S.K.: 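If you scroll down you'll find the structure; I have some questions about it.
All values derive from a computational prediction rather than experimental measurement.
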Amino acid sequence: AIEDSKMASSPSGPIAIAIHGGAGNIPEERLTEERKARASKKLELALDAGYSILKQGGSALDAVEAAVRVMESSKWFNAGKGSTTNDLGIVENDASIMTSEGGRAGACAGVKTVKHPITLAKCVMNHSPHVLLIGEGATEFAEEQQAAGHGVELINPAEWFFKMRPKDESKATTLWELNYRVEDDKKFGTVGAVALDASGRLAAATSTGGTNQKLPGRVGDSPLIGSGTWADSNVAVSCTGKGEIFIREAVAHDLAARIKYANQSLEDASREVIQVELPKMAGGEGGLIAVDKTGNVCLEFNTSAMFRGSINGKGEKLVAIVK
């Protein structure tokens, strides 16, 4: 499925990757040691899938796709298999991907029968003249891409998607379920990855099932370039949080603009966006992951937890959930 990209010729620069599996305010009693261990294992698998590509001289674009595909295959995260449903009980997936190479990007929204929406987003970038395809048009395109052998897989929704909201809370397995409160059932969740390859290319990818019980056709920030996903020659960013706020704040691009125009460091820009600007908006909860052109990594969030992992340019590895 990872079909892209020219391999780096004689790559010699630093490599780095970061991933997230969503952010939220999760009550401590719901996040047991067993649950943290299971989630951490999935995060590590995703992290290693992407990093192994970078170590072999592969592209940042392929690395972020590989990492996100692992998380889309897990029932733990609100993306792919673990996606929550709209108010009709139907899963609608959104995803986007972007590379610093020529500012190319691809995205899909409202897809219901695609196993790996992130791969479909990459196909939109590589095999169409467009950036974003939605609904029926995206599904038709997915069928064409599957027939062309470009790594897109179609599924039967009833067989693939994991049932959400078990009646027995002790059996909750997804981040959304752990974060669910009866009095506040419009929760969020997303997965994402950012990477720097040895040729200095940056890439970002984001995938989600969206908010629980959303209106059919609702689209959040995850498939929107500049809101939930961004990559340029300085930084790659993937966000997680309440999509409507991240759209209005253009969070991913805001971070990149602070680095490009104000010469802020990655750490300072990430902190100001998430800890200062976002909380000014009602419902401004969430986080982001970012990597810059020198291999620095930032995992910033203003909630009690963000499922996350990283390997920076120095080779230092982190997998964590709570602060």
S.K.: Is the side chain of R308 donor-acceptor paired with the backbone N or O of V322 at a distance under 3.5 Å, no angle test?
M.R.: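 Present.
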S.K.: Tell me whether the count of non-hydrogen atoms from other residues, nucleotides or ligands lying under 6.0 Å of NZ in K317 goes above 12.
M.R.: yes
S.K.: For residues P223 and S96, report the shortest heavy-atom separation together with the two atoms involved.
M.R.: CA-CB, 3.6 Å
S.K.: With no hydrogens and no angle check, is any side-chain donor or acceptor of N302 less than 3.5 Å from a backbone partner on G286?
M.R.: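 Judged by distance alone, yes, a pair lies under 3.5 Å.
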S.K.: So for atom CD1, which belongs to I155, do other residues, nucleotides or ligands contribute more than 12 heavy atoms lying within a distance under 6.0 Å?
M.R.: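 Yes, the 6.0 Å shell around CD1 holds more than 12 heavy atoms from other groups.
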S.K.: Using a side-chain heavy atom cutoff under 4.5 Å and only I, L, V, M, F, W and Y, what cluster partners does Y261 have?
M.R.: none
S.K.: Suppose clustering is done on Ile, Leu, Val, Met, Phe, Trp and Tyr with side-chain heavy atoms closer than 4.5 Å. Which residues sit in the same group as V276?
M.R.: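 Reading the cluster by chain and number, V276 sits alone, since nothing else belongs.
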S.K.: Would E277 and K280 pass as an ion pair if we require N to O under 4.0 Å?
M.R.: yes
S.K.: Please name the pair of heavy atoms, one in L88 and one in P216, separated by the smallest distance, quoted to 0.1 Å.
M.R.: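 Scanning both residues, the minimum pair turns out to be CD1-CG, 3.6 Å.
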S.K.: Can you tell me how far CG of N93 sits from CG of L120, rounded to the nearest 0.5 angstrom?
M.R.: 10.0 Å
S.K.: By the definition side chain to side chain contact (heavy atoms under 4.5 Å, CB included), identify the one residue from I53, L47, L54 that meets it with Y51.
M.R.: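 Checked I53, L47, L54 against Y51; only one passes side chain to side chain contact (heavy atoms under 4.5 Å, CB included): L54.
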S.K.: Is any side-chain heavy atom of P157 less than 4.5 Å from a side-chain heavy atom of V91?
M.R.: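 No - every pair of side-chain heavy atoms lies 4.5 Å or more apart.
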S.K.: What side-chain donor-acceptor pairs closer than 3.5 Å can you find for residues 107-118, not counting sequence neighbours?
M.R.:
| from | atom 1 | to | atom 2 | distance (Å) |
| --- | --- | --- | --- | --- |
| H116 | ND1 | E72 | OE1 | 3.0 |

S.K.: Identify whether F141 and L132 are in the same connected component of the hydrophobic contact network (ILVMFWY, side-chain heavy atoms under 4.5 Å).
M.R.: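 No; L132 is not reachable from F141 via cluster members.
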S.K.: Using only atom types and a distance under 3.5 Å, with no angle test, would you say the side chain of T229 pairs donor to acceptor with the backbone of I225?
M.R.: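 It does not hold such a pair.
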S.K.: Who else is in the cluster with V297 when I, L, V, M, F, W and Y are joined by side-chain contacts under 4.5 Å?
M.R.: V194, L196, L202, I289, V291, L299, F301, M306, L318
S.K.: Let me check something: do I274 and I321 share a hydrophobic cluster, defined by ILVMFWY side-chain heavy atoms less than 4.5 Å apart, either directly or through other members?
M.R.: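 I274 and I321: separate clusters.
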S.K.: Could you give me the CA-CA distance, side-chain angles and deciding distance for T119 and R69, then say whether side-chain hydrogen bond (donor to acceptor under 3.5 Å, both in side chains) is met?
M.R.: CA-CA 8 Å; T119 296; R69 282 173 63 95; 2.8 Å; yes
S.K.: Specify whether F307 and W76 have parallel, tilted or perpendicular ring planes, treating 30° as the upper limit for parallel and 60° as the lower limit for perpendicular.
M.R.: parallel
S.K.: With a 6.0 Å cut-off (strictly less than), is the heavy-atom count around CD of Q275, excluding the residue itself, greater than 12?
M.R.: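 Check passes, neighbour count above 12.
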S.K.: Could you report the tightest heavy-atom contact between G24 and S304, atom names first, then the distance?
M.R.: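 The pair with the smallest heavy-atom distance is O-OG, 3.2 Å.
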S.K.: Within the structure provided, determine whether E244 and M281 are in side-chain contact (heavy-atom separation under 4.5 Å).
M.R.: no
S.K.: Roughly how far apart are L224 CG and T206 OG1, rounded to 0.5 Å?
M.R.: 10.5 Å
S.K.: With a 4.5 Å cut-off on side-chain heavy atoms, are L215 and D87 touching?
M.R.: yes
S.K.: For C239 and T190, work out which heavy atoms get closest and say how close.
M.R.: O-CG2, 3.8 Å
S.K.: Would you say R104 and N126 make side-chain contact, with heavy atoms under 4.5 Å?
M.R.: yes
S.K.: So how far is it from D292 CG to C298 SG, rounded to the nearest 0.5 Å?
M.R.: 9.5 Å
S.K.: Would you confirm whether T303, through its side chain, and N25, through its main-chain N or O, come within 3.5 Å as a donor-acceptor pair?
M.R.: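 Absent.
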S.K.: Could you give the distance from CD1 (I19) to CZ (F77), rounded to the nearest 0.5 Å?
M.R.: 7.0 Å
S.K.: Determine yes or no for a side-chain-to-main-chain donor-acceptor pair under 3.5 angstrom, with S74 supplying the side chain and M71 the backbone.
M.R.: no
S.K.: Do V70 and K42 make a side-chain contact, defined as non-hydrogen atoms from C-beta onward lying under 4.5 Å apart?
M.R.: no
S.K.: Please list all pairs meeting side chain to side chain donor-acceptor pair (under 3.5 Å) that have one or both residues in residues 131-149, counting only residues at least two apart or in different chains.
M.R.: Q145-H150
S.K.: Which pairs would a plain distance check flag for residues 247-257, meaning a side-chain donor or acceptor within less than 3.5 Å of a matching protein atom at least two apart in sequence or in another chain?
M.R.:
| from | atom 1 | to | atom 2 | distance (Å) |
| --- | --- | --- | --- | --- |
| D254 | OD1 | R258 | NE | 3.3 |

S.K.: For A60, is there any backbone N or O sitting under 3.5 Å from a side-chain donor or acceptor partner on D197?
M.R.: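 Checking the backbone N and O of A60 against the side chain of D197, a donor-acceptor pair under 3.5 Å is found.
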S.K.: Between E267 and N296, is any pair of side-chain heavy atoms under 4.5 Å apart?
M.R.: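 They are not in contact (no side-chain heavy atoms under 4.5 Å apart), so the answer is no.
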S.K.: Using only atom types and a distance under 3.5 Å, with no angle test, would you say the side chain of D94 pairs donor to acceptor with the backbone of T208?
M.R.: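 No, D94 side chain to T208 backbone: no donor-acceptor pair under 3.5 Å.
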S.K.: Has S128 got a side-chain atom pairing as donor or acceptor with H130's backbone, closer than 3.5 angstrom?
M.R.: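 Yes, because the side chain of S128 sits within donor-acceptor range (under 3.5 Å) of the backbone of H130.
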S.K.: Can you give me the closest heavy-atom contact between I15 and A198, atom names plus distance?
M.R.: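 For I15 versus A198, the nearest heavy atoms are CG2-N, 3.5 Å.
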S.K.: Going by atom types only, do S227 and D221 share a side-chain donor-acceptor pair under 3.5 Å?
M.R.: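 No - no donor-acceptor pair under 3.5 Å links their side chains.
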S.K.: Atom OG of S100 and atom NZ of K293: how far apart are they, to the nearest 0.5 Å?
M.R.: 11.0 Å
S.K.: Do the side chain of K214 and the main chain of G209 share a donor and acceptor less than 3.5 angstrom apart?
M.R.: yes
S.K.: Any sub-3.5 Å donor-acceptor pair from E285's side-chain atoms to K242's backbone N or O?
M.R.: no
S.K.: Same cluster or not: are L61 and W230 linked, directly or through other Ile, Leu, Val, Met, Phe, Trp or Tyr residues, by side-chain heavy atoms under 4.5 angstrom apart?
M.R.: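 As far as the 4.5 Å side-chain criterion goes, W230 and L61 are not connected within one cluster.
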S.K.: If the threshold is 4.0 Å, N to carboxylate O, is there a salt bridge linking D62 and K122?
M.R.: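 Between K122 and D62 there is a salt bridge, with a charged N closer than 4.0 Å to a carboxylate O.
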S.K.: Could you state the interatomic distance from CE (M98) to OG (S238), rounded to the nearest 0.5 Å?
M.R.: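 Those atoms lie 13.0 Å apart.
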S.K.: Please give me the minimum heavy-atom distance between A204 and V64, naming the atom from each residue.
M.R.: C-CG2, 4.2 Å
S.K.: According to a 4.5 Å side-chain heavy-atom criterion applied to Ile, Leu, Val, Met, Phe, Trp and Tyr, with indirect links allowed, do I90 and V219 form part of one hydrophobic cluster?
M.R.: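 Unlinked, I90 and V219 end up in two clusters.
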S.K.: Consider only side-chain heavy atoms of I, L, V, M, F, W and Y, link residues closer than 4.5 Å, and tell whether L133 and L154 are in one cluster.
M.R.: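 Same hydrophobic cluster.
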